[in-house]
Q: 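The structure is given below, and queries will be raised subsequently.
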Amino acid sequence: MPDISNSELLARIDDLNRRYGHMIDDGDFENWPGLFVENGLYKITTRWNYQNNMPAGLMLCDSRAMMEDRISALRTANVYEPHSYRHLIDPPMLTEGTGYTIFVQTSFAVFRTMQSGASELFCSGKYLDKLIDLNDGLKFHERIVVCDSERIDTMIVIPL
Amino acid sequence: MKCFTARKPNPMVPLDWNPNDFSEIPYAVYSDEAVFAQEQKQIFQGATWSFLGLGCEIPKPGDFKTTMVGDIPIIVVRDETGALNAMVNRCAHRGNLVCIEESGTVERLTCVYHNWTYDLQGNLASIAFERGIQGKGGMADDFDHACHGLPRLRVETYCGLVFGTFSVTVEPLSDYLGPEMRANMDRILGRDMEIIGRFRHGLDGNWKLYMENVRDTYHATLLHSFFPTFGMNRLSMKGGIVLSEDGLHHMTYSMRATDQAESQYNAMDLRAVKDGYTLKAPELIEGWPEYDCGTTLAIQSIFPNFSVQQVSNVITVRLNVPKGPQKSELTWWILAPVDDTPEQRTMRLRQSNLIGPGGFIAMEDGAVVGWVKRGIAGAADRKSIIAMGGRDTEQSSNSRCNELSVRGFWKGWHGLMAD
């Protein structure tokens, strides 16, 4: 473990998660890949796929560049009804920490607001994170988003 | 089958409909309750084969999964002999679901309500307290086990795909698919395959809106701008459309690196083509020529609601189950050959970003189903136009700027509905 108490570390991870959530909810997508290390992994999967070791994802980015492509496609290529998210993110639970690598898992819920005005639960699930604590602060080395439901309504274009 | 009673078809729901012209489709077919009910009898319980799942989902004796044929819940189970059986997931006693779980492994199928059990062929095996308790109660004397099994479907498989039908008259699966459709399945799926992902996708619209979209080659480069921007599919690439003889099934294909008319795209001010949009991680679409024929995109639909798709090296099958007249639910299975090299598997997984509910070239399809549903609200007496490439339903075309496959769908649909 890094030389700090768990509660301090958890508070820093909590802060990272909050920044992550607000960044996406405020539409500040371009800064989202910067929360990951360059060779970071971002994957959206579901409980069934995770439990059955299915490697494919609803989104699967194995580099920050690929995350940036997701955002540029969202801005310029893909066609969808404008909508926004609201993340509600639980405090993180430390599962393992060795040196500068930290494993946490965190429950979340995302509400989606469509053009009709309806704000509805879009997804609940948990983040399985591998974090790295380096000089420039905590960054995601891996964030695996495990959705509770196997079913996505209509489409998904904004990262969870 | 002995006790199975075939359902009597109802007369065709009256619609403003010219049975010789499938280029104009009344919007009522996407919302009408009577049309939906008619489809259950004439199409899903009629002379069609419905996709039930993949054999590799239930590899061992006793493995079962549940699915739907139209609005009817179905159990698919592998029995002691290794044979695949499918039956209605509805206890003969009170209609309770026999299998509540989505999948599992059992020795017998047991209804939890009153503990009636069925063997893996669907025969009624035992009834709790059938002879009563201490000589009192017990089942009526005239009750015949043999007439109260779970209603069975005919089951056949092709390339690991399991299909079932309620029809006793529809031709064998192989003939139903026909040689053109089988050839594409052989090419893509005719090897040992495994599932590498499975996702469900809720669609806010009638099941046919999505199945038309699967067959609609006209929209591909217009709605999905990811394709043309990276040269993955332009209508000017070499390719074509093939329909089965009756119009029921379709296959459209194209080959990359055969584009002779690129200037036609660049010259036109299409929204789909964006300047200066390049991938920072081009490995996303990195692939290898997997098929000798050079096909880089193939989309195939098997009537009524199943589809096989190859996008570069990503292989998927899809089933779109109706959930009432104005909702449907799609399942995507992402497949890969078991003997992939690690490098091939990595490329397939990266490319799988193209498909599914969040796919770069697929997410719009889920959305457009809902937009059309909202657009045609209150327009049950009006019609859509499907006249690109003319109004006829010839069997093939070497141009994909053509709505031939969609007209074929309606020809097949109408034939079954009016049967």
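Residue numbers start from 1 in every chain, and the chains themselves are labelled A, B, ... in the order their sequence lines are given, proteins ahead of strands. The analysis underlying the following values was restricted to heavy atoms, covering all of them including side chains, and did not include hydrogens, waters or symmetry mates.
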Q: Heavy atom to heavy atom, less than 4.5 Å: which residues from residues 139-160 of chain A reach chain B?
A: Glu150(A), Arg151(A), Ile152(A), Asp153(A), Thr154(A), Met155(A), Ile156(A), Val157(A)
Q: Taking atom CZ of Phe29(A) as the centre, does the number of heavy atoms from other residues, nucleotides or ligands within less than 6.0 Å exceed 12?
A: yes
Q: For Arg348(B), which atoms come within 4.5 Å of any heavy atom of chain A: side chain, backbone, both, or neither?
A: neither
Q: May I ask you to decide if Ala77(A)'s main-chain N or O and Ser225(B)'s side chain share a donor-acceptor pair within less than 3.5 Å?
A: yes
Q: Which atoms of Ile195(B) come close to chain A, meaning under 4.5 Å heavy atom to heavy atom: side chain ones, backbone ones, both, or neither?
A: both
Q: Using every non-hydrogen atom in the two residues, find where Val79(A) and Leu223(B) come nearest and quote the distance to one decimal.
A: CG2-O, 3.6 Å
Q: Going from CG on Asn78(A) to CE on Met363(B), what distance comes out if it is rounded to the nearest 0.5 angstrom?
A: 3.5 Å
Q: Looking at Ala65(A), Pro55(A), Ser63(A), which one has more heavy-atom pairs under 4.5 Å with chain B than the rest?
A: Pro55(A)
Q: First locate atom CG of Asn52(A), then atom OG of Ser103(B), and finally report the distance between them rounded to the nearest 0.5 Å.
A: 7.5 Å
Q: Which of these, Glu68(A), Met66(A), Arg64(A), Met67(A), sits in a side chain to side chain contact (heavy atoms under 4.5 Å, CB included) with Lys280(B)?
A: Glu68(A)
Q: For each of Pro357(B), Ser352(B), Gly359(B), tally heavy-atom pairs with chain A at distances under 4.5 Å, and name the one with the top tally.
A: Pro357(B)
Q: With no hydrogens and no angle check, is any side-chain donor or acceptor of Asp69(A) less than 3.5 Å from a backbone partner on Ala281(B)?
A: yes
Q: Can you tell me if CZ on Arg191(B) sees more than 12 non-hydrogen neighbours from other groups inside 6.0 Å?
A: yes
Q: Give me the contact list for residues 197-211 of chain B versus chain A, heavy atoms only, anything under 4.5 Å, ordered by residue number.
A: Gly197(B), Arg198(B), Phe199(B), Arg200(B), His201(B), Gly202(B)
Q: Sort Asp62(A) into side chain, backbone, both or neither according to what part of it lies under 4.5 angstrom from a heavy atom of chain B.
A: side chain
Q: Quick check on the interface: out of Val368(B), Ile355(B), Leu349(B), who has the most heavy-atom pairs with chain A under 4.5 Å?
A: Leu349(B)
Q: Need one label for Trp332(B): side chain, backbone, both or neither, based on atoms under 4.5 Å from any heavy atom in chain A.
A: neither
Q: Got a sec: does the CD of Glu101(B) have more than 12 other heavy atoms crowding it under 6.0 Å?
A: no
Q: Heavy-atom cut-off 4.5 Å, strictly under: side chain, backbone, both or neither for Glu194(B) against chain A?
A: neither
Q: Provide the full list of salt bridge (charged side-chain N to carboxylate O under 4.0 Å, His left out) pairs with a residue in residues 356-366 of chain B, sequence neighbours left out, each pair given once.
A: none
Q: Hey, is the main chain of Met59(A) close enough, under 3.5 Å, to the side chain of Asn353(B) for a donor-acceptor pair?
A: no
Q: Please list, in residue-number order, every residue in residues 334-345 of chain B that has a heavy atom less than 4.5 Å from any heavy atom of chain A; write 'none' if there are none.
A: Ile334(B)
